[in-house]
Amino acid sequence: MKKVRKISFTAAASVIVVSSALIVASMAQAKPPRSETQVAQERAALMTAVAKGDDLWHSAKLGNNGLACANCHPDGSASNVHTWPKFQTNLGKVGTLREMINWCIAVPMQGRILESDSEEMIAMEAYATYTHRGVAIAPAKDEQHPAVPVVSGPGYPRH
Amino acid sequence: MKKISRRQFLGMTTKAGAATMFAGIFAPSASSMLGLGGVAEAATKKIKPFNFAVLTDAHLYDIADHKFDHILEKAVADVNSIKPRPDFVLYAGDLGQSGKKAELVKGKKILDKLKMPYKIIPGEHDYYLDMGKAWRKLFGDEHWSFNHNGVHFIGMNSILVPDFWTLKKLTPKERMHMMEELECHNCGAWGVGEKQLNWLARDVKRVSPDTPVVIMTHSPLWDYYPRWNFQTYDAPEIREILRKFDKVISIHGHVHQVVYNEIDNMRSCGLLSTSWPWPYPPVELEYPHIKQRRADPGDFEDGLGGHDIALNADFDAIVHWREFSDLLPDNIKKGLKV
Ligand SMILES: [Fe+2]
Ligand SMILES: [Fe+2]
């Protein structure tokens with residue numbers, strides 16, 4: 001994506017050299033450095049998703065037998081988010097973290113699966129992934145991986 | 001090092017000075033005061049070999065025909081099939097999930113199918129809806145001790161947290177719900193509290209140091225991973241009180257996994273649940289070879305089971321994790337000598 005864009009900018013620059021200041025201006029406007037406020041807002045949006053995912057992760061409402069994801073996966077542990085996609089025996093194929101989350105909802109929790117692109121699913125993925133920040137993406141080994149140790153509080157900025 | 005020699009010194013003086021007194025003058029009064037039968041017998045440091053079983057962490061829900069009901073039933077049947085038959089069974093807490101009376105009643109009904117007597121302590125999941133009221137009504141005291149074949153057994157409630165609910169005006173249900181989360185970050189660290197510490201000190205006062213001791217708590221008596229309350233905040237005080245004994249075996253629930261540690265004279269064994277296995281927390285294990293393998297999420301019995309603990313005349317214990325599937329490494333498959 002990035003590469004393609006770069007090429008087209010170069011092309012634009014070399015071919016339409018003399019052309020308009022308008023293009024140059026619009027290019028400058030297209031990529032201004034993001035302001036601190038903007039960065040803070042974007043980060044806050046992510047944290048809102050993480051918090052929503054945290055709540056869902058700990059909610060028995062996704063299932064029908066009282067279980068929540070956190071019953072087996074406290075602090076996002078043993079979800080091994082950094083190892084997906086991978087071949088997962090119970091999925092019978094190379095699957096994604098979202099498919100695995102849905103499998104857990106459907107089978108051990110006996111609930112109704114989420115739309116893969118739903119706000120809920122993205123929030124769950126955001127939470128699980130956030131609990132593994134900094135962990136190297138690596139193929140799965142035959143052992144469970146702990147999440148990042150949480151020093152205090154929920155483990156992320158939450159209001 | 002220093003501590004060990006101090007313990008040995010104390011042990012020796014007590015043994016040399018008190019062995020005859022226990023057999024003679026002090027033994028009858030000590031045993032009648034504590035209601036014990038085995039003080040004089042234990043002073044010879046020989047026990048009558050026997051085995052006992054342990055179950056824990058069923059997390060029963062108030063939902064009919066729940067899968068965890070069946071797993072506990074299976075574990076009870078498994079214990080009933082152990083040969084030689086265990087003299088009794090210990091249950092290490094979290095019989096219910098949300099502290100509801102119905103969960104505990106259901107659990108008691110299943111445990112009553114055990115062919116031998118059992119003793120039980122509460123876990124946090126049994127407790128924080130009504131602060132243990134229903135539990136006590138069904139099972140009695142939260143802490144107790146008894147002697148069996150020369151071994152002193154102790155059970156204590158290790159899940160008591162300082163009040164976090166009154167100021168926040170939480171309802172009992174909200175309080176319980178927070179405690180239900182392993183990583184509850186507003187609930188605080190738990191322990192046995194001062195009252196039970198005093199009780200423990202009194203309880204073991206007249207028990208001679210060469211008496212073998214087995215103590216059961218819901219949480220580990222060492223700092224494993226405090227974030228998940230894989231700890232007991234006053235465990236150092238408990239260990240200090242029990243320090244005079246030659247050997248103490250600590251067994252604990254709550255961790256839902258095979259884990260082992262040694263501190264001073266205490267050998268600690270973590271127990272399998274009959275609900276779900278917890279992952280190993282992000283800390284290095286002192287005994288990494290005493291660990292179960294990763295469970296298959298598609299097999300609802302993986303990583304679960306009960307325990308059989310056999311004690312010989314010299315208080316060597318063989319701790320046998322009776323895992324339903326095959327997740328134990330070879331070195332502990334046939335039991336761990338503790
Ligand atoms: Fe438990
Ligand atoms: Fe527990």
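In what follows, chains carry the letters A, B, and so on, assigned in the order in which the sequence lines appear, proteins first and then strands, with residues in each chain numbered from 1. Only a predicted model underlies this, so the values are computations on that prediction, with no experimental measurement involved.
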**Leading residue by heavy atom contact count with chain A [cutoff under 4.5 Å; candidates B:Glu181, B:Arg227, B:His66, B:His177]** = B:Arg227
**Asked** Residues of residues 95-114 of chain A under 4.5 Å from chain B (heavy atom pairs)?
**Response** A:Met100, A:Trp103, A:Val107, A:Pro108
**Message:** I need the residue from B:Phe68, B:Phe300, B:Trp278, B:Tyr280 with the largest number of non-hydrogen atom pairs under 4.5 Å to chain A.
**Reply:** B:Trp278
**Request:** Count the heavy atoms belonging to other residues, nucleotides or ligands that lie under 6.0 Å from NZ of B:Lys137, then report whether that count exceeds 12.
**Result:** no
**Close side-chain approach of A:Gln88 and B:Pro297, heavy atoms under 4.5 Å** = yes
**Region of A:Ala68 that comes under 4.5 Å of a non-hydrogen atom in chain B** = neither
**Prompt:** When you look at NZ of B:Lys109, are more than 12 heavy atoms from neighbouring residues, nucleotides or ligands closer to it than 6.0 Å?
**Reply:** no
**Request:** Please tell me if the side chains of A:Leu67 and B:Lys67 come closer than 4.5 Å, counting only heavy atoms from C-beta onward.
**Result:** yes
**Request:** Give the minimum heavy-atom separation between B:Glu183 and A:Ala70, together with the two atoms involved.
**Result:** OE2-CB, 4.4 Å
**Asked** By a 4.5 Å heavy-atom criterion (distance strictly below it), what part of B:Pro281 contacts chain A: side chain, backbone, both, or neither?
**Response** backbone
**Message:** Within a 6.0 Å radius of atom NZ on B:Lys173, are there more than 12 heavy atoms belonging to other residues, nucleotides or ligands?
**Reply:** no
**Prompt:** Just wondering, are more than 12 heavy atoms of other shown residues or ligands nearer than 6.0 Å to CD in A:Glu119?
**Reply:** no
**Asked** So which part of A:Asn80 gets closer than 4.5 Å to some heavy atom of chain B, the side chain, the backbone, both or neither?
**Response** side chain
**Request:** Evaluate the side-chain proximity of B:Pro279 to A:Pro74: yes if any heavy-atom separation is below 4.5 Å, no if none is.
**Result:** yes
**Fill in**
Highest number of heavy-atom pairs under 4.5 Å with chain B among A:Ser77, A:Cys72, A:Gly155 belongs to A:Cys72
**Request:** Would you give the length of the straight line joining atom CH2 of B:Trp228 to atom CG of A:Asp75, rounded to the nearest 0.5 angstrom?
**Result:** 6.0 Å
**Asked** Is the shortest heavy-atom distance from the side chain of A:Pro149 to the side chain of B:Tyr225 under 4.5 Å?
**Response** yes
